[in-house]
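Notes follow once the structure below has been shown.
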Amino acid sequence: MPLPPAVDLYSDTQTKPTAAMRRAMADAEVGDEQQGTDPTVNRLCARVAEMLGHEAGLFLPTGTMCNLVAVATHTSPGDAIVTSLDSHIVRSETGGAAAYSGVITDLLAGDRGRFSPEATAEALAPGHVYRPWPRLVCLEQTHNFGGGTVWPLEQYRAVAEVARTAGVAVHTDGARLFNATVASRTEPRVWGEPVESIWIDFTKGLGAPLGAVLVGGRDFIEAARVHKHRCGGAMRQAGIAAAGCLHALDHHIDRLAADHANAARLAEGLSALGVGTEPVETNMVWIDIAPTGLRAAEFLERLAARHVRMSRVEERVRAVTHLDVSADDIETAVAAVAETLEALP
């Protein structure tokens, strides 16, 4: 079997639970999550709902299921949802919204995943016999394929207000919401309060092995619970997982600033080598390897031979920092890229 990479920048999903998190999980008080009797799950859901300024929360295994369940709860078959053309719902969920909820997707362009209130208003024109009714606007904070970008708060609020005026709900994919709060020095509730539903994922920079919490009004969460069960998301002694998520809330939010600093340093180091990078806002570095003359796959293969792993999205290369990547690891990665470039004809 191949050796694991010395520096794994493939994604912040590659994190391993810390020893302290494992102890918290081992000691968790548990019950039957499906029946609502797991005290650790209930405590986690209540805490996340309060943090985000909503009434109730629902524990789900994955963030993708949060999006699937939320879209289904907000819409009916034949409705339209409005989102960015490179959102996670569109690019990374194998058409789940269409397959499960029967909705079509109206795609908006914007600045690295962040579209304008004006574009939102145009997309929310009422439906008619030829055009489906728009029922949901989906945002993403931070925006993954936009480059780990943070929505400016006023723009985020303005888009939500346009939707509210049109009588359309807003849902936020908050997989990396805490990266946004740390980068913008804001509280989670300022992003939760303007929208009807929002979720956070614990398996990215927060370092838990599984789990996400979707929050909204009590009626919304009870309706969402039905879709959770239909999707096979009901669990039993899920407090073992929820305890890891609670540990992450206590210990892994503020440290995200270190990931952001490491990403900035990586971009700086790569730029000094003549490799272009997109502006870094949080923990993602999107790399333009075209000047090297290599295709992305070949670049990654040569880098892997030097025990550094990154990921490819078409011809873009992405490096993501996280709690298992140190400042020294960043220097190792920069050196590996330098060696890769020096070895080119």
Side-chain angles (χ1 to χ4, degrees), residues 11-52 54-74 88-89 92-94 96-97 99-101 171 173-178 188 192 197-253 323:
S11 174
D12 45 9
T13 61
Q14 303 304 297
T15 58
K16 305 292 195 302
T18 63
M21 181 181 285
R22 289 174 182 268
R23 287 193 295 272
M25 295 169 70
D27 293 339
E29 184 182 5
V30 299
D32 189 319
E33 186 275 335
Q34 184 181 34
Q35 296 180 359
T37 60
D38 189 299
T40 307
V41 169
N42 293 343
R43 188 161 64 252
L44 174 67
C45 289
R47 182 170 172 183
V48 174
E50 193 279 331
M51 290 178 76
L52 295 174
H54 282 274
E55 292 179 333
L58 188 64
F59 188 53
L60 293 119
T62 70
T64 294
M65 190 179 286
C66 286
N67 280 336
L68 192 71
V69 165
V71 170
T73 307
H74 283 298
H88 194 276
I89 285 176
S92 298
E93 298 181 8
T94 56
Y100 184 76
S101 299
H171 166 70
D173 173 337
R176 296 178 175 88
L177 181 70
F178 287 120
S197 61
I198 185 171
W199 58 272
I200 59 173
D201 195 333
F202 291 93
T203 70
K204 305 293 195 303
L206 295 182
L210 67 90
V213 174
L214 172 68
V215 303
R218 293 193 188 282
D219 290 344
F220 169 82
I221 291 300
E222 287 310 303
R225 194 179 304 277
V226 174
H227 291 290
K228 170 184 171 173
H229 286 214
R230 286 178 181 165
C231 292
M235 295 171 279
R236 297 304 177 191
Q237 289 70 44
I240 292 174
C245 301
L246 285 166
H247 179 86
L249 290 179
D250 289 334
H251 301 285
H252 292 174
I253 295 177
L323 63 80

Quiz item: Do you know which two heavy atoms are closest between Phe220 and Val215, and how far apart they sit?
Solution: CE2-O, 4.3 Å
Practice problem: Show your working on side chain to side chain contact (heavy atoms under 4.5 Å, CB included) between Cys231 and Leu68 and close with a plain yes or no. | Solution: CA-CA 9 Å; Cys231 292; Leu68 192 71; 3.6 Å; yes
Quiz item: With distance as the sole test, does Gln237 use its side chain to make a donor-acceptor pair with the main-chain N or O of Val30 at under 3.5 Å?
Solution: no
Quiz item: Is the closest side-chain heavy-atom distance between Lys204 and Thr13 below 4.5 Å?
Solution: yes
Exercise. Please round to the nearest 0.5 Å and tell me the distance separating atom CG of Leu210 and atom OG1 of Thr62.
Key: 9.5 Å
Quiz item: Rounded to the nearest 0.5 Å, how far does CE of Met235 lie from NE2 of His229?
Solution: 9.0 Å
Quiz item: When you look at CG of Asp250, are more than 12 heavy atoms from neighbouring residues, nucleotides or ligands closer to it than 6.0 Å?
Solution: yes
Quiz prompt | Taking every non-hydrogen atom, the tightest pair across Ala70 and Ser197 | solution = CB-OG, 4.3 Å
Quiz item: Any side-chain heavy-atom pair from Leu52 and Val213 closer than 4.5 angstrom?
Solution: no
Quiz item: Can you tell if the side chain of His171 reaches within under 4.5 Å of the side chain of Asn67, non-hydrogen atoms only?
Solution: yes
Quiz prompt | Ring-ring centroid check His227 Tyr100, cutoff 6.0 Å | solution = yes
Quiz item: So how far is it from Leu214 CG to Arg225 CZ, rounded to the nearest 0.5 Å?
Solution: 10.5 Å
Quiz item: Of all heavy-atom pairs between Pro209 and Met21, which one has the smallest distance, and what is that distance?
Solution: CD-SD, 4.0 Å
Self-check item: Heavy-atom pair of closest approach, residues Met25 and Ala241
Solution: CE-CA, 4.3 Å
Practice problem: Examine distances only and state if a side-chain atom of Lys228 and a backbone atom of Met65 form a donor-acceptor pair shorter than 3.5 Å. | Solution: no
Self-check item: Closest heavy-atom pair and its distance - Ala243, Ala24
Solution: CB-O, 3.5 Å
Quiz item: Which distance, rounded to the nearest 0.5 Å, do you find between the CD1 of Ile221 and the CG of Leu58?
Solution: 5.5 Å
Exercise. Mark yes or no for whether Asp38, through its side chain, and Gly239, through its backbone, hold a donor-acceptor pair below 3.5 Å.
Key: yes
Practice problem: For the pair Thr37 (side chain) and Asp32 (backbone), establish whether a donor and an acceptor sit closer than 3.5 Å, ignoring hydrogens and angles. | Solution: yes
Exercise. Identify the two heavy atoms, one from Asp12 and one from Thr15, that lie closest to each other, and give their separation to 0.1 Å.
Key: O-CG2, 3.3 Å
Quiz item: If you round to the nearest 0.5 Å, how far is CD1 of Ile240 from CD of Glu29?
Solution: 12.0 Å
Quiz item: When you look at Val48 and Phe202, which way does the side chain to side chain contact (heavy atoms under 4.5 Å, CB included) test go after all the steps?
Solution: CA-CA 11 Å; Val48 174; Phe202 291 93; 4.0 Å; yes
Quiz item: Do the side chain of His54 and the main chain of Gly192 share a donor and acceptor less than 3.5 angstrom apart?
Solution: yes
Quiz item: Is the closest basic N to carboxylate O distance between Glu50 and Arg47 below 4.0 Å?
Solution: no
Self-check item: Step-by-step side chain to side chain contact (heavy atoms under 4.5 Å, CB included) determination, His247 to Thr18
Solution: CA-CA 10 Å; His247 179 86; Thr18 63; 4.0 Å; yes
Practice problem: Please report the C-alpha distance between Leu249 and Met51 in whole Å, then the side-chain angles of each, then the deciding distance to 0.1 Å, and finally whether the side chain to side chain contact (heavy atoms under 4.5 Å, CB included) criterion is met. | Solution: CA-CA 10 Å; Leu249 290 179; Met51 290 178 76; 4.2 Å; yes
Quiz item: What distance do Asp219 atom CG and Thr73 atom OG1 have between them, rounded to the nearest 0.5 Å?
Solution: 12.0 Å
